[in-house]
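Notes to accompany the following structure.
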Amino acid sequence: RRHTRFRNVTGVQTCALPIFEGARPFNFAFDSAALRLTDDAILNGALNTRISVKGSVGLETAKLDLDASGNVDLGVFASLDPSWSITGSVAFDGRIGGTTAKPTLDGLASLANASFGREGIYTTLSGINGALRFNENRITFDNLEGKAGGGNVRFRGTGIFQNDQIEGLNVQIDADQVRLRYPEGLRSTLSGALVLKGTMTDPLLDGNLRIDSMAYRSPFESFLSVFRAGGLDSGGTSLDRLRLSVHVAGNRNINIQNELAEITAARIDLDVKGTLGSPSLTGHVETRDGTLLFQGKRYAISRGNIDFVDPLRIDPLIDVQAETDLRDYRVILAVGGRSDRVRVEFRSDPPLPQLELVSLIAGGKTREELAAESGATSLPTSEQLFQGGAASILVDLLRSRVGSRFGLLGLDRVRIDPYLVGAGSSPSARITLSERVTKDLAVTYRSEEHTSELQSRFGISYAVFCLK
């Protein structure tokens, strides 16, 4: 039997993590059967970490019989991975039993103002308070509560320490008014109940979420890219292996706004499957309240459906119809197809030839209107009217796709009429430039050339709505 006293113990490490920097002097005794701490061993660490240990360790049987208590600053764990941001503290009071090969733990760990965040994760858990209870190889999450995205979250459930990992997870996560910013441009507020199951190496997140509010304000191209293959992929995080089986639904406070669409109400009913790294969607999105903007004209949405039918990849079917009045014609715009093969079609009531309809949509006139307006005997053909309309649409597409990136064509609409008819049946040309100042106010500049005379006009249009 021997008695030994250690002084100035430094460099104590656990799992290659420098939690402890030194220890107060302590005495222990040992023989062939066990090593016994005759005094409490006080281990000091970085960031006010301090642990007290007493008891014995079997040398023949490797049996553990230790009491441990103290406080650990969670910031020391952030050194494991610089991409993690961890703060707060945990106070521990418990007993370590079992053997050195298979230790068991009984006791209580209390979290105080803890927070966990990581690069690539869409929200941060903060202000977490509550207790973790340990009973041999079982861990119980005892009403851990905190904040995520400005909302409240609560964790309750159990897990089992087995095979050097946490298995048998059954943890319920209650969320209330949690704000989420994913994907880019989307702002959502969610509530609901989720359950984390499985193991730490193969976890499954199951449950239901309710959309309390949703706003998407990004360019139309970015909106479409979300619904293409890989559009919701995380880009690579340590949680990519998390399997998903989550139902998401909502029917109020949903808004989508970009340069081509403004949707003020929608109904969403989706199942999210796959993994966090590569999710898939099935379900339905529907709207009947909103507008589409095309060639400076707003089309009221009469039918809007997006159906996700492929359980293996994100490949939605789009079916949107919108209508507007262009002078004496009711023009219907139909958008349909899959996200990577969207087609746009037009029709009118009363019916117009497609070539003349393009001219009308682009801001031009039909042959019938030109004849009534000028009384000329020589009229442009439908093909000529189509050329003028197509040129205007092409300029608008160029402005929307390229102009904003290079500072070109900073106008809402450019209209070119290469084939017009004057009173004397002489060809003339007209260029119309339009800028929308506000949602309801537009300013138009028009330049017309009749033979050698150049005429310019300004126009202002303002939409007035009467509420009864």
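Considering all non-hydrogen atoms of both residues, Thr287 and Ile301 come closest at O-CG2, 4.1 Å. Of all heavy-atom pairs spanning Pro279 and Ile314, the tightest one is O-CD1, 3.7 Å. Here the closest heavy-atom approach between residue Asp73 and residue Gly88 is recorded as OD1-O, 3.4 Å. The minimum heavy-atom distance linking Ser280 with Pro311 is given by the pair OG-O, 3.2 Å.
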Salt bridge (charged side-chain N to carboxylate O under 4.0 Å, His left out) between Glu345 and Arg347, worked out:
CA-CA 7 Å; Glu345 297 177 351; Arg347 65 180 187 275; over 6 Å; no

Walk me through it: do Val248 and Ile211 pass the test side chain to side chain contact (heavy atoms under 4.5 Å, CB included)?
CA-CA 7 Å; Val248 182; Ile211 300 174; 3.7 Å; yes

If you apply the rule side chain to side chain contact (heavy atoms under 4.5 Å, CB included), what do you find for Leu293 with Glu262, and how did you get there?
CA-CA 8 Å; Leu293 184 64; Glu262 184 174 344; over 6 Å; no

Would Arg154 and Asp176 count as a salt bridge (charged side-chain N to carboxylate O under 4.0 Å, His left out) if you check the C-alpha gap in whole Å, the side-chain angles of each, and the deciding distance to 0.1 Å?
CA-CA 9 Å; Arg154 183 171 65 172; Asp176 182 31; over 6 Å; no

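Side-chain contact check for Phe116 versus Leu74: some heavy-atom pair is nearer than 4.5 Å. Looking at Arg267 and Ile254, their side chains never come closer than 4.5 Å, going by heavy atoms from C-beta outward. At least one side-chain heavy atom of Val57 sits less than 4.5 Å from a side-chain heavy atom of Leu66. Between Leu196 and Leu242, some side-chain heavy-atom pair lies under the 4.5 Å cut-off. Side chains of Gln257 and Thr264 form no contact here, defined as non-hydrogen atoms less than 4.5 Å apart. Two residues are said to be in side-chain contact when any heavy atoms from C-beta on lie closer than 4.5 Å; Leu169 and Met200 meet this criterion. Side chains of Glu136 and Asp106 form a contact here, defined as non-hydrogen atoms less than 4.5 Å apart. Under the 4.5 Å side-chain criterion, counting only non-hydrogen atoms from C-beta, Phe346 is not in contact with Ile332.
With Arg338 as the fixed residue, the salt bridge (charged side-chain N to carboxylate O under 4.0 Å, His left out) test singles out one of Asp315, Asp310, Asp319: Asp315. Here the rule is side-chain contact (heavy atoms from CB on, under 4.5 Å) with Ser69, and of Ile51, Leu108, Asp93 only Asp93 fits it.
The distance from the CG atom of Leu281 to the NZ atom of Lys273 is 11.5 Å, given to the nearest 0.5 Å. In this structure, OG1 in Thr104 is found 9.0 Å from CD1 in Ile96, a value given to the nearest 0.5 Å.
Judged purely by distance below 3.5 Å, without hydrogens or angles, the side chains of Gln162 and Asn137 never pair a donor atom with an acceptor atom.
In this view, Asn253 and Ser213 satisfy the side chain to side chain contact (heavy atoms under 4.5 Å, CB included) rule, not counting sequence neighbours.
Between Phe134 and Phe161, the angle of the ring planes stays under 30°, which puts this pair in the parallel group of the 30/60° scheme.
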